[in-house]
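Before any comments, here is the structure.
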Amino acid sequence: MTVIIDGKACAKKVIEELRKKTKNLDKKPSLAVILANNDPSSRIYVASKERQCLDLGFNSCVYRFDENIKQQDLIKLIHELNENDDVNGILVQLPLYKHLNEQEIIELINPKKDVDGFHPINVGKLNCNLEPWAICCTPKGIIKLLKEYNINLVGKNVVVIGRSNIVGKPTATLLTNENATVTLAHSKTKDLKEITKNADIIISATGKAKLIKANMVKKDAIVIDVGISKQISGKLVGDVDFENVKNVASYITPVPGGVGPMTIACLMENTYELFKLQNQKA
Ligand code: NAP
């Protein structure tokens, strides 16, 4: 019987643990979010991050900008947020408007407030298998999901499809740190099927609907679908041909309801961890 991995339930568990840990705090963890794009999906993601903060009693402040925002204005805001002791986590919702320099903004965030784990110091720490101040939320959520289902990663053949800095690469790094044997595939990879057919675990993060077909999956492999694509009908689908692949896989995540909820839960966890870091006595 194929197990459909329940990301919503797993995320709820993370959230309820956080609720217990934070309910009696005098001061609450606080998240600042910068929204400087006009991408409808980003607006939905930011709204759900705000809702989750509210639900947990965390403070959240969203800075929304129209396309007249200048790089200098954002730089000034990041400096102010870095200096503000009432802000524990700073999140810059990507992508930014095209005229803005994303990397410069990310690098200005205090790494101890870099709640998304995108700052080069946090990325470097992850690569060195040292503890970053924060680990990127989606990759962290994927590992938590696998562990929640007692999936052993040691020595497993894992293929991660997609090499973005925010999902694919850090997921591959975390899996390597967990002693899996990782192949990182991308759009230039030759014969993807040959690689996926030999994988014990497939993690797909491309945004290409139904890229992963049943004939690309080894019997009883574990399939984690990170991708989100909107069909013309408005329906959200993943990278995996779920209906057919579920007959071959032993475990599979649905879209929606798989990796997505874990991303927000891990964002809340990161906000709390940075809050603790900043409030610990010297
Ligand atoms: P991205 O920056 O666009 O990266 C996509 C990656 O997929 C690239 O590395 C690209 O290769 C690779 N790729 C594209 N087509 C491919 C193909 N046919 N075969 C193999 N590899 C291919 O996207 P991202 O930000 O990493 O996000 C990936 C997907 O995850 C998107 O659908 C996004 O919406 C979703 N996402 C979900 C969550 C969540 O919480 N569930 C969070 C973040 C992102 P090249 O590098 O060669 O171009």
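Order of appearance sets the numbers: ligands from 1, and atoms from 1 within every ligand.
- Residues passing the salt bridge (charged side-chain N to carboxylate O under 4.0 Å, His left out) test with K144 are E269, sequence neighbours excluded.
- By the neighbour-count criterion of 12 heavy atoms within 6.0 Å, atom CG of D66 is densely surrounded, having more than that number from other residues, nucleotides or ligands.
- Residues L25 and F275 form a side-chain contact, since some pair of their non-hydrogen atoms from C-beta on lies under 4.5 Å apart.
- Every salt bridge (charged side-chain N to carboxylate O under 4.0 Å, His left out) that D200 has, sequence neighbours left out, goes to K218.
- Under the side chain to side chain donor-acceptor pair (under 3.5 Å) criterion, K213 pairs with no residue at all, not counting sequence neighbours.
- Other residues, nucleotides and ligands contribute at most 12 non-hydrogen atoms within 6.0 Å of the NZ atom of K13.
- A heavy-atom cutoff of 4.0 Å around ligand 1 is satisfied by the protein residues T138, I161, G162, R163, S164, I166, V167, H186, S187, A205, T206, G207, K208, L211, V226, G227, I228, V259, G260, T263.
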